[in-house]
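Keep in mind the model is a prediction, meaning the values are calculated, not measured.
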Amino acid sequence: MMAGTAFGLTFFLLCIMVVTFANEVKRKKCSFTRNETEQYLDTKRLLENPQILFYQLNGRNDTVYYTWSLVGAPTLFISVTPASQDTNCASVANNSFDWDEFTADQSYGSAYIPGYNGSFAFSIVFNRLIEFSDRKYRANKGFEPSKLNNNTDRYSWLHMSDFNWTFQDNELTGKIENDSTTCVIRLNIPTSGGRLSYFPKTLYSENSTTFDFVFRNFEYSSISKNKKDSNLKYGRLVLEMLFVHGQLKNGSVKERFSKDDEYTPSVFITNNYLFGGNGTFDGFLQWKPISYLSKSRKSTQSQQANLVNGKIGDVDIPSSLAYALYGIETAGVVQPVYMVYGTEGDDNNPNADYVSWTGMLGFGEPPQDTISIVIIITIAVGLGVPALLIGVGGVYIFIRRKPWKHIYVWYNTKRGYTKVVNE
């Protein structure tokens with residue numbers, strides 16, 4: 001019985017693997033990069049002042065457009081249109097912009113991207129890198145968006161539009177003149193589902209794109225330092241993001257729990273900021289509530305990353321691709337959100353010199369970690385092998401201990417009765 005159960009589990013796993021590979025969806029990607037100047041560094045192309053990074057991914061049922069803009073505030077724009085097999089996206093994108101107006105002040109109407117006014121299209125604007133003086137070490141629970149612009153004793157910031165950007169090997173690197181702060185954005189535009197090879201090993205789908213933010217050498221101001229004791233520090237970093245999403249409804253944060261922390265040790269939660277309301281085209285921002293304090297990305301050198309909702313209308317659309325597409329017409333649906341890096345009660349990691357965080361944007365059903373095939377196989381083998389041994393051993397013992405029948409027969413002979421044993 002137990003051996004049969006093990007065989008059943010193995011067969012079930014094989015069916016899952018076959019279905020998974022049979023249903024794998026791949027998109028065909030073509031990309032377009034527009035920049036002002038090009039340099040060559042170590043035989044690799046280094047783009048200075050990149051303007052637009054445009055990606056078109058053609059699928060069987062739809063076409064997805066991912067557009068990164070570094071003109072004004074850094075912006076990622078996503079739109080979905082019916083399926084198209086046109087791969088001439090470079091010239092189309094180049095001819096659809098009024099480059100003079102767009103590079104000057106990102107005026108409304110100077111940019112055009114397919115599907116921007118459709119049923120599913122949204123922008124996320126990375127607006128400010130905020131320094132938060134967390135004197136009570138409450139992290140996200142102590143961050144108050146309503147007081148952000150009126151309390152200079154607790155908050156100061158850098159505008160992301162003030163960074164000068166370069167692009168190389170799918171990395172955007174931003175620096176500010178006369179400031180040591182460096183911001184790196186690593187891009188991943190997948191054509192099919194998969195998982196990042198580094199922590200937090202995010203699971204992504206063909207309908208999503210991941211990005212990593214790395215902040216290095218941030219110059220904390222006096223608000224994050226104790227004037228009497230230089231060893232006391234209070235600084236936390238906060239990334240302000242603005243969702244500009246036209247016809248889509250505003251979002252809310254949902255937590256998903258997993259029983260398996262195989263991919264991100266000690267983290268059992270995945271957070272999703274869900275917005276939309278258009279059925280399968282609901283949008284999401286997904287992240288695991290962890291940020292790392294070193295390049296090694298060890299869980300022992302990490303802190304939490306938690307989202308705080310702002311109030312609609314508190315922040316206007318800055319000069320950006322989002323403003324060029326929507327102008328002031330969508331001022332009522334600009335949703336500010338704040339990613340606060342820090343753990344409540346942790347006074348060991350303020351004024352961090354290095355903070356990295358991974359997020360994912362996409363549409364449809366957010367990917368969800370489940371118990372991996374490796375663990376399922378391990379469990380199946382762990383149950384199946386002992387069951388097989390018990391079954392075989394039981395049969396062997398049964399055979400060895402089976403009682404033999406002894407038949408005693410008495411024969412009448414001339415010498416009397418003789419006993420013969422027939423085994």
Side-chain angles (χ1 to χ4, degrees), residues 25 27-33 51-59 61-84 86 89 92-93 96-97 106 111-127 170 172 185-193 202 204-213 239 241-251 272-287 317 320-326 330 333-337 339 358-367:
V25 178
R27 297 182 182 275
K28 184 177 182 180
K29 177 170 67 175
C30 62
S31 60
F32 163 55
T33 305
Q51 296 174 342
I52 291 290
L53 307 175
F54 181 85
Y55 301 89
Q56 174 183 334
L57 283 75
N58 293 336
N61 302 316
D62 53 39
T63 296
V64 183
Y65 301 88
Y66 299 107
T67 307
W68 277 93
S69 170
L70 281 304
V71 179
T75 302
L76 172 58
F77 177 79
I78 300 178
S79 61
V80 181
T81 66
S84 171
D86 181 16
C89 58
V92 172
S96 63
F97 279 70
Q106 300 83 62
Y112 171 81
I113 298 172
Y116 85 96
N117 56 353
S119 59
F120 184 83
F122 73 93
S123 296
I124 180 170
V125 181
F126 301 97
N127 193 32
N170 289 324
L172 292 163
I185 309 175
R186 298 192 182 104
L187 311 184
N188 176 36
I189 312 292
T191 57
S192 61
T202 301
Y204 56 83
S205 70
E206 71 279 0
N207 296 329
S208 63
T209 176
T210 65
F211 52 84
D212 297 297
F213 269 86
L239 179 61
M241 299 173 283
L242 309 178
F243 281 94
V244 185
H245 44 74
Q247 302 178 23
L248 301 181
K249 297 180 181 179
N250 297 314
N272 292 286
Y273 177 79
L274 304 173
F275 58 93
N278 293 323
T280 58
F281 277 171
D282 290 350
F284 63 85
L285 167 66
Q286 185 183 98
W287 74 99
I317 306 177
S320 60
L321 175 62
Y323 186 86
L325 290 171
Y326 294 110
T330 56
V333 290
V334 179
Q335 172 69 61
V337 295
M339 190 62 65
T358 300
M360 175 169 59
L361 278 168
F363 64 94
E365 183 68 21

Would you check if the side chain of Gln106 reaches a backbone N or O of Val71 as a donor-acceptor pair within less than 3.5 Å? no
Side-chain donor/acceptor of Tyr326 to backbone N/O of Tyr116, under 3.5 Å: yes
To check you understand the geometry: which heavy-atom pair defines the closest contact between [X] and [Y], and what is its length?
{"X": "Ser96", "Y": "Tyr112", "value": "OG-O, 3.1 Å"}
{"X": "Gly283", "Y": "Phe120", "value": "N-CE1, 3.7 Å"}
{"X": "Ala83", "Y": "Gly59", "value": "CB-O, 3.9 Å"}
{"X": "Trp287", "Y": "Gly359", "value": "CB-CA, 4.4 Å"}
{"X": "Phe275", "Y": "Phe284", "value": "CE2-N, 3.8 Å"}
{"X": "Ala73", "Y": "Val125", "value": "CB-CG1, 3.6 Å"}

Close side-chain approach of [X] and [Y], heavy atoms under 4.5 Å:
{"X": "Phe363", "Y": "Val64", "answer": "yes"}
{"X": "Leu274", "Y": "Pro366", "answer": "yes"}
{"X": "Ile78", "Y": "Phe122", "answer": "yes"}
{"X": "Leu76", "Y": "Thr209", "answer": "yes"}
{"X": "Gln56", "Y": "Pro114", "answer": "no"}
{"X": "Val244", "Y": "Leu325", "answer": "no"}
{"X": "Leu187", "Y": "Leu172", "answer": "yes"}
{"X": "Tyr273", "Y": "Met339", "answer": "no"}

So how far is it from [X] [atom1] to [Y] [atom2], rounded to the nearest 0.5 Å?
{"X": "Arg186", "Y": "Thr210", "atom1": "CZ", "atom2": "OG1", "answer": "11.0 Å"}
{"X": "Leu70", "Y": "Ser320", "atom1": "CG", "atom2": "OG", "answer": "12.0 Å"}
{"X": "Asn188", "Y": "Met360", "atom1": "CG", "atom2": "CE", "answer": "10.0 Å"}
{"X": "Ile124", "Y": "Leu361", "atom1": "CD1", "atom2": "CG", "answer": "5.0 Å"}
{"X": "Met241", "Y": "Asn127", "atom1": "CE", "atom2": "CG", "answer": "11.0 Å"}
{"X": "Leu285", "Y": "Asn272", "atom1": "CG", "atom2": "CG", "answer": "8.5 Å"}

In terms of the angle between their ring planes, are Phe211 and Trp68 parallel, tilted or perpendicular, with boundaries placed at 30° and 60°? perpendicular
Verify side chain to side chain contact (heavy atoms under 4.5 Å, CB included) between Leu321 and Ile113, making sure each step is shown before the conclusion. CA-CA 10 Å; Leu321 175 62; Ile113 298 172; 4.0 Å; yes
ring-ring contact (aromatic ring centres under 6.0 Å, His included) for Phe54 and Phe97? Distances and angles first, verdict last. CA-CA 12 Å; Phe54 181 85; Phe97 279 70; 8.1 Å; no
